[in-house]
Amino acid sequence: MQTMLAIVKKELRTYFNSPIAYVFLLLFAGVALASFFQQIWALKQASLRPLFDVLPLILLLVVPALTMRLWSEERKLGTYEVLMTLPVRSIEAVLGKFLASLLLLALALVLTAGAAITVASLGPLDWGPVAGGYAAALFMGAAYLAVGLLVSAATDNQILAFLGALLVCFGLWAVGEEFFLRLWPQPLAETLAVFGTGARFRSIARGVLDLRDLVYYASVVVVCLGANVAILEARKER
Amino acid sequence: MGGISLRLQAAVVVALLAANLVALNLLVRPANARLDLTEERIYTITDATRAVLAALPDQITIYGWFSGETHPKLAPLVPRIRDLVEEYRVAANGRVQVQFSDPRGDEEAEKEAYRRFGVKPVPLQIQTKYEAAVKSTYFHLTVAYGDQHHTLGLRDLIEVEYLPDGEVEVRLANLEYELTRAIQKVVRSFGTLETRLAGLEQPVVLRVLLTDPARVPAGEQTEDLRAFLVRRKEVLEGVVQELRRRFTAGFTASIEDPAADPALAARARRQLGVRPIAVRLEGLPEVWCAAVLEHGGQAGVIDVRGRGTGEDDSFAIRQAVEAGIRRLLPGALRRLGIVSEGPQLSPEERLRMQMMGQSPPGDNFQTLREALRGRFEVSDVSLAEGRPPLDVDVLLVLAPKEMTEKERFALDQYLMLGGRAIVCHEAAELAATQPRLRMRPLETGLGELLAAYGIKTEKALLEDDRNMPFLLPVIVRRGGEHILAIEEVAYPWFVEAREDGINRDNPAVARFDQVTFLWPTPLDLDLEKATAEGARADWLLRSSERAWTTADLIDVHLELQGYGDKGYAVPADARQRLLAVAISGRMRSAYRDRPVPALAASEGEQAAGADHGDGSGGPGGANGEPAAAEHGPGHGSPEAAAPAAGEPPPADEGPPEASPVTSTPSAAAPDTVTPSAASPSSVSPSAALQEPVLVSTDATRLIVFGDADWLSDLAAGALARSGRDYRNHVALLESLIDWAMEDLALLEIRGRGGRARPLEALDRAAMRRIEILNHAGPALLVLLFGLGRWGARRRAERRRGTGGRSSGPAGGGAGSESAPAAPGREATTAEGAA
């Protein structure tokens with residue numbers, strides 16, 4: 001636990017000691033808010049829906065950028081081998097990196113809170129869907145982070161890590177979307193739809209916390225982090 | 001080698017984990033644990049809908065037809081429609097299948113949608129980045145079950161509001177209400193009663209509460225009571241057997257004797273609202289003769305006393321039971337009976353006449369009928385024979401002309417037996433529009449009846465300063481030229497109930513904004529009278545405080561000049577008057593101290609008369625009770641109102657009109673029973689069996705309007721011309737029907753989610769300011785934080801004096817961290833090694 005916390009702190013420090021965190025935060029908040037304000041005046045409704053409509057797309061693009069270096073760079077720079085010789089359990093290392101990036105993502109989401117405050121001051125905002133939307137963004141972000149972390153562990157090439165994570169995240173999203181489901185017969189499509197991240201996101205973002213959605217995101221996270229640990233362990237033995 | 005096998009191991013572990021993920025997600029798919037965070041719980045479908053879905057006999061399919069490219073105002077509504085339909089799918093546990101598609105561009109699909117469901121795209125003006133054109137767009141939901149289907153189109157799915165600034169606001173209509181109703185309709189029109197009962201989880205229970213005739217001691221006084229009970233027992237046993245034979249599943253029936261079972265008697269009284277017949281002779285048990293249907297916590301009372309049925313007694317009772325079952329089953333389509341003037345044509349006849357270019361005769365409520373038809377089983381009802389129309393759920397009485405005593409009696413008894421009626425009474429009807437607007441007085445014949453219930457009517461028209469303006473073409477002179485213009489002229493006879501004119505405490509009317517009455521008559525509520533038996537009475541709609549009445553029922557023409565800018569002046573004695581009132585619960589019959597009209601002679605006799613008729617003065621006169629004398633000798637006549645000991649019907653009994661002896665007030669005394677509930681012990685047993693019911697059950701609902709025109713075809717046109725929506729009136733009526741049926745949950749659906757969440761309108765500069773603030777805030781925070789950190793690191797590096805490159809990233813926190821972790825930290829960072 002202690003070790004894990006130490007790794008979280010270390011990772012956060014790394015993020016903030018380089019321009020990565022700042023660029024990420026500015027880009028995330030900037031794009032999200034710009035997109036939100038582009039639609040909210042025309043919508044004329046006290047709702048954060050425009051924000052939560054665009055968040056999945058932003059997450060899809062920025063999360064792989066956040067995770068691409070987490071393992072790849074260590075491997076490239078050789079610090080990875082150092083790490084493997086230390087008394088740090090793989091699971092602690094994985095969780096530490098995961099939580100650090102999740103905290104950064106949460107911080108980015110907090111930066112968009114101005115939108116909610118603005119809307120609440122201009123109309124009767126229903127806070128339920130707002131809470132749901134932020135929760136959904138955090139869940140989706142966590143799933144994407146876990147995927148990105150896993151892909152990053154599999155390669156020492158950061159570009160490859162980025163593209164790989166992007167591809168997998170996109171695939172996870174697309175599998176539940178209309179355009180993809182239309183290609184399959186109805187019963188199969190219904191089963192496939194269960195594994196899409198987008199529909200889950202929308203469901204939570206409208207203000208409904210459903211156990212199934214939580215289980216879904218949690219299982220994506222668990223499987224990816226588990227696979228990540230497995231990869232580390234496998235390498236350690238070698 | 002070992003590495004490879006380890007990799008293999010890792011792969012296996014990951015694969016197992018992934019398999020578990022898939023399995024877990026498929027496993028929890030049907031689970032339904034969710035938390036609705038929205039303020040109004042808009043994503044939680046109501047219990048009313050759940051009940052309907054739970055009662056689905058088989059799988060239904062909801063088809064969504066929505067074009068991908070649609071009007072920008074409609075596009076954001078589509079996901080919300082999907083969301084709700086998805087909720088239905090989840091709640092129905094596999095009994096609802098959902099298919100969304102866009103048939104456009106797919107000729108086969110388009111044909112199919114049209115051929116099977118009559119769904120065709122609606123033309124909409126659509127503007128995209130590249131073009132602006134009128135395009136055919138799908139915006140439909142179809143509920144299909146078996147060969148039945150109901151489609152909700154654009155008009156059902158959205159509400160459009162024209163804002164004063166010329167903008168159009170498009171909202172989602174009350175979708176859950178529409179959808180649940182549609183499901184109710186298709187399911188209800190598909191299954192037979194047998195199949196629907198068979199599909200129930202819990203059976204419908206019929207309990208016949210009948211005192212065993214053997215418990216009535218033999219004696220001259222009780223002779224005909226015994227005979228009545230024996231006959232009832234015989235008939236009802238037959239009915240029960242017949243019903244058991246027909247409904248082999250989902251239905252149980254039994255005959256029970258509350259007189260022998262005090263617990264049952266208490267339950268019948270308290271929970272089911274049934275009481276024993278008011279016969280109290282010394283040494284007699286309570287006389288019970290009623291039937292109760294129960295299902296899912298709801299109960300319905302059925303009149304099995306054999307009164308009011310000219311045909312075969314047991315057949316009529318079976319019919320009443322079936323109607324009762326239908327009413328109890330969730331998802332049942334309500335039966336609405338309409339009583340109005342005018343010849344009643346079947347839809348086929350009407351269609352035939354229309355095809356031949358003739359305008360079919362009919363009353364003024366054809367638009368209303370059309371609008372209601374989708375949601376209710378609408379039928380025209382005649383009260384002429386004096387029989388309460390027990391097979392309808394709600395009776396709608398629309399400005400009848402000169403109701404007869406028998407009709408009034410039928411209405412009264414309908415209410416007393418737990419009926420629900422919406423009565424539109426008015427004092428005058430439109431006679432001519434040219435050359436002047438003129439009315440003619442209308443005698444509905446309802447005045448006395450309503451007065452007995454505590455609702456006072458007036459032979460007067462109500463005028464109000466809060467009114468719907470009349471649109472008049474006028475010639476105005478502008479700059480020396482005469483121009484024809486349409487001018488809005490305040491017209492006091494078009495009274496509008498809005499703002500404080502709507503009772504916000506009543507769930508049926510609370511959500512409505514405005515109701516327009518055309519030439520209404522004012523109502524008054526005599527609370528003492530209305531609530532004498534414990535009913536609750538309240539106003540629903542009323543005028544403004546600047547309202548007054550005129551006794552002139554003819555001239556309603558508006559003078560254009562006269563009082564400033566208005567054609568009228570508000571008199572000093574203006575005050576707020578009622579336009580609609582509602583009474584719910586135990587009401588007192590108007591026939592409590594009013595002679596009962598003689599019904600057709602056949603009435604009642606087939607039920608009990610043949611068994612106990614001795615042709616003479618009857619036990620009523622013979623029992624020696626002092627009060628019985630008042631209806632003793634008179635009873636001998638077969639035409640008597642309550643022919644306690646009437647003769648067996650003659651074999652050649654003609655139609656009911658053959659002996660239409662209606663008692664007039666003057667002739668009433670000898671020929672009619674004047675029952676008195678205050679002294680039930682004085683009523684002879686046999687007379688009591690045929691008495692009118694004097695106090696209603698708790699289920700009774702009576703809603704009275706001081707106008708019928710608000711629902712008429714005339715109103716439909718007039719409202720549209722003045723920018724109002726007639727559908728609003730229909731919606732109000734439907735809401736009241738729901739209220740009367742105690743479909744409170746459905747009302748709840750109606751009232752929910754209606755909360756508008758408008759954003760305050762800002763000018764462009766204010767918008768820009770807010771945007772800049774929102775962008776600058778986070779950016780500034782991030783930059784300040786970055787600068788702060790950079791500064792801190794610089795200072796830390798300087799303090800150390802030596803090259804902090806390797807230790808720098810560890811920052812000031814290094815000292816506080818645990819020793820074994822420290823090297824790990826160093827190693828896990830890229831910078832640590834850089």
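Since the structure is predicted, the reported quantities are computational estimates derived from the model, not experimental observations. Convention: sequence-line order gives letters A, B, ...; per-chain numbering from 1.
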Report summary line: Taking every heavy atom of B:Ile770 against every heavy atom of A:Thr118, the minimum-distance pair comes out as CG2-CG2, 3.3 Å

**Report entry** B:Glu112, CD: over 12 other non-hydrogen atoms inside 6.0 angstrom
**Finding:** yes

Requested in this report: Might you point out which heavy atoms bring B:Pro778 and A:Leu111 nearest each other, and give the distance in Å?
Outcome: CG-O, 3.3 Å

Report summary line: Rounded to the nearest 0.5 Å, the CZ atom of B:Arg82 sits from the CZ atom of A:Arg202 at a distance of 8.5 Å

Requested in this report: With a 4.5 angstrom heavy-atom cut-off, could you sort out which part of B:Leu783 is near chain A: side chain, backbone, both or neither?
Outcome: side chain

Report task. Measure A:Val130 against the heavy atoms of chain B and call it side chain, backbone, both or neither at under 4.5 Å. Result -> neither

Query raised in the report: What part of A:Ala34 is in contact with chain B, defined as an atom under 4.5 angstrom from a non-hydrogen atom: side chain, backbone, both or neither?
Result: both

Requested in this report: For atom CH2 of A:Trp127, decide whether the heavy atoms of other residues, nucleotides or ligands shown that lie under 6.0 angstrom number more than 12.
Outcome: yes

Report task. Evaluate whether atom CD1 of A:Ile91 has more than 12 neighbouring non-hydrogen atoms of other residues, nucleotides or ligands under 6.0 angstrom away. Result -> no

Report summary line: Okay, A:Val110 and chain B: the region with an atom under 4.5 Å from a heavy atom over there is neither

Report task. Please state whether the side chain, the backbone, both or neither of A:Leu5 comes within less than 4.5 Å of a heavy atom of chain B. Result -> neither

Report task. Anything under 30° is parallel, anything over 60° is perpendicular, the rest tilted; go ahead and classify A:Tyr22 against B:Phe785. Result -> tilted

Query raised in the report: Where on A:Thr112 is there a heavy atom nearer than 4.5 Å to chain B: the side chain, the backbone, both, or neither?
Result: neither

Requested in this report: State, with a plain yes or no, whether a side-chain heavy atom of B:Arg789 is found less than 4.5 Å away from one of A:Arg13.
Outcome: yes

